[in-house]
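Each chain gets a letter, A, B and so on, in the order its sequence line appears, and its residues count up from 1. Worth saying up front: this structure is predicted, and the values here are computed from it rather than measured.
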Amino acid sequence: MLTTRPRGTNDLLPQEVQVWREVERVVHEICSEYGYQEIRTPIFEHTELFQRGVGETTDIVEKEMYTFTDRSDRNITLRPEGTAPTVRAFLEHKLYADAQPTKLYYMGPMFRYGRPQKGRFRQFHQFGVEVFGSKDPAVDAEVITLAMDFYQRLGLRGLELHINSVGCPKCRAEHREKLQQFLEPRAEDLCETCRGRRERNPLRIFDCKSPVCREIVKDAPTITASLCDQCAKHFAQVQEYLRSIDIPFMVDEGMVRGLDYYTNTAFEIIVEGIGAQSSIGGGGRYDGLVEECGGPAIPGVGFGLGLERIIATMKQQGLVEQKQQNLDVFIVALGEEANRKAFTILNELRRKHVKADHDVMGRSLKAQLKQANRLGAKYVLIIGEAELEKNVAVWKDMVSGEQSEIKLDSIVSTVVEKVTGRKE
RNA sequence: GUGGGUGUAGCUCAGCUGGUUAGAGCGCCAGAUUGUGGCUCUGGAGGUCGUGGGUUCAAAUCCCAUCACUCACCCCA
């Protein structure tokens, strides 16, 4: 156990970190271009925030939270998602007092306790955005567009954007009524979990994968058909905006997202090839959430994207090539005096922003060159007794193999010039 | 939480129905080239066969338990 990481967590080894940094770079770039500002909230929060914010009846709250009491008996939970904490910070710091909308993004680890499998971990990472303060369908469309643009910038292909509207509390109640009526005579045929859902949250039956339930639900009244005028109009406008900028999508009336707080727009991005977990992102509008969390009635829209799944897809689509690390200069030193000299040169080169390294394993000349090669050094500087004698160092081009001599007196400026092409 | 699969060297894996010194490729170290890398050749180091128990004259191999990994279900990113 001492040398084993906790279940469902991952170490990102140096090679792996390369991809992550690239993805993170794109996150910051795209958000800045779309006018979003980064927010960083704590990794743990008071448990009640998620109970209220995510919803008591959701699976996340019912069985997937990392909850514990701290030394002062406070009830703490490692964040399972990013929206509730962002809402909390938005309220705590009264960001709604500023000119609206507030456009935020976040990126970082999330925690959910469940059995790990392909594309599902106990600690995973999300990139998400939240826009507070506007009900304009243009914002729904912007948020969706940002997500799709993000995938596109990473080079991802074959994505499906599913959108739906789950209406407002008013049309939802009406639809719930209709749905329960429809299901009543067929209740016996539903699968075990759906029999329970019929009472508590009938909408979720649309999500069921059991063939029997699917068959039943096929002819059921959809929420989309029961939308009130306002909600129907909102949904139509979101679609219009998406069409106007050629974002392909499909209306998926069966899609109902698992988090309780969604209203109107709900969307999800699906991709094949990364196992049973095909969703690489999802989001929607949550006009009641801020109020639910104890704030003013302020609308919001946002999404959360799973970075592990996105990176898995990138790998699957051959978009990840690992570059070898590269070094400008590797200094090969032989003997004590040469080592002392090499150390000072190394230091000066680094201060001039030359990527440089040397041997600390007591290797032979041959082995040091081998190491230089492994590190991808473009050049090698060789300093041995013979060189010290002549007050020079051997300069070797590792690609061509050509060698020449450099005077030690002006070695740093000469090397800087050779490496960077700049004169001092 | 439920079910299936897997656990042998740093990595990827072989090891037939139990049979004695557990192998290969890659990587690592060294030599061939007494001060010159990449290619090649040669040699070397490195393993509590996940862990604990059991069956047996004998277990990496069979049985049980346990842990870990993995895939799937539930659900989600």
- Item | A:T224 and A:N164: side chain donor to acceptor below 3.5 Å | yes

- Message: What's the gap between B:U61 and B:C76 when it is taken at their P atoms, as a whole Å value?
- Response: 43 Å

- Would you kindly give the CD1-to-C1' distance between A:I310 and B:A77, to the nearest whole Å? 9 Å

- Is there a side-chain polar atom (N or O) of A:R115 under 4.0 Å from OP1 or OP2 of B:A72? no

- Should stems be defined as at least three consecutive Watson-Crick or G-U pairs with both distances under 3.5 angstrom, which of them involve RNA chain B? B:1-7 with B:67-73, B:10-13 with B:23-26, B:28-32 with B:40-44, B:50-54 with B:62-66

- Would you call A:E92-A:R88 a salt bridge at under 4.0 Å N-O? yes

- When rounded to the nearest Å, what value does the distance between P atoms of B:C63 and B:G18 take? 11 Å

- Query: So, A:D359 side chain and A:G362 main chain: donor-acceptor pair closer than 3.5 Å or not?
  - Reply: yes

- Message: Check A:K135 with A:D140, please: is the shortest side-chain N to carboxylate O separation under 4.0 Å?
- Response: no

- Query: Is there a donor in the side chain of A:S279 and an acceptor in the side chain of A:E268, or the other way round, less than 3.5 Å apart?
  - Reply: yes

- Query: Taking atom P in both B:G19 and B:A60, what distance in whole Å separates the two?
  - Reply: 10 Å

- Message: Looking at A:E33 and A:R153, is there a salt bridge between them, counting it only when a charged N and a carboxylate O are closer than 4.0 Å?
- Response: yes

- Query: Does a donor on one side chain sit under 3.5 Å from an acceptor on the other, for A:E130 and A:Y286?
  - Reply: yes

- Query: Within the pair A:Q117 and B:U70, is there a side-chain N or O less than 4.0 Å away from OP1 or OP2?
  - Reply: no

- Query: Given the C1' atoms of B:C67 and B:A77, what is the spacing between them in whole Å?
  - Reply: 28 Å

- Considering only atom P, compute the distance from B:C41 to B:G25 and round it to an integer number of Å. 11 Å

- Task: Would you mind reading off the distance between A:I274 atom CD1 and B:A77 atom C1', rounded to a whole angstrom?
- Result: 9 Å

- Query: Taking the nucleotide of RNA chain B with the closest heavy atom to each, which residue, A:R122 or A:P116, is nearer the 5' end?
  - Reply: A:P116

- Tell me, for nucleotides 29-40 of chain B in 5' to 3' order, what letter each nucleotide earns: B for a base near a protein heavy atom under 4.0 Å, S for only sugar-phosphate near one, - for neither? S---B-BBBB--

- A:K118 NZ to B:G5 C1': how many Å, rounded? 14 Å

What pairs of nitrogen or oxygen atoms, one from the protein and one from nucleotides 46-52 of chain B, lie under 3.5 Å apart?
none

- Message: In this structure, how many angstroms lie between the P atom of B:A77 and the CD1 atom of A:I280, rounded?
- Response: 12 Å

- Task: Verify the ring-centre separation between A:Y34 and A:Y105: is it less than 6.0 angstrom?
- Result: no

- Answer yes when A:D409 and A:K407 have at least one side-chain N-carboxylate O distance shorter than 4.0 Å, and no when they do not. no

- Could you give the CG-to-C1' distance, from A:N10 to B:U70, as a whole number of Å? 12 Å

- Query: Mapping A:G8 and A:I269 onto RNA chain B by nearest heavy atom, which one lands closer to the 5' end?
  - Reply: A:G8

- Can a salt bridge be assigned to the pair A:E336 and A:R340 using a cut-off of 4.0 Å between side-chain N and carboxylate O? yes

- Message: Using whole Å, what does the distance between atom C1' of nucleotide B:C71 and atom CZ of A:R7 come to?
- Response: 12 Å

- Mind checking the C1' distance from B:G23 to B:A65? Whole angstroms is fine. 30 Å

- Message: With rounding to the closest Å, how many angstrom separate the P atoms on B:G27 and B:G52?
- Response: 34 Å

- Item | Length of the CD-P vector between A:E308 and B:C76, whole Å | 18 Å

- Report the residue from A:Y106, A:W20, A:F111 that forms a ring pair (Phe, Tyr, Trp, His ring centres under 6.0 Å) with A:H125. A:W20

- Expressed in angstrom and rounded to an integer, what is the separation of A:F111 atom CZ from B:C76 atom C1'? 17 Å

- Do you see a donor-acceptor pair shorter than 3.5 Å between the side chains of A:E142 and A:Y36? yes

- Query: At under 4.0 Å between heavy atoms, what does A:G275 touch on the DNA or RNA strands: base, sugar-phosphate, or nothing?
  - Reply: sugar-phosphate

- Query: Could you walk me through whether A:S226 and A:K178 pass the side-chain contact (heavy atoms from CB on, under 4.5 Å) check?
  - Reply: CA-CA 9 Å; A:S226 316; A:K178 280 189 216 162; 3.5 Å; yes

- Message: Work out how far the C1' atom of B:C26 is from that of B:C69, and round it to whole angstrom.
- Response: 23 Å

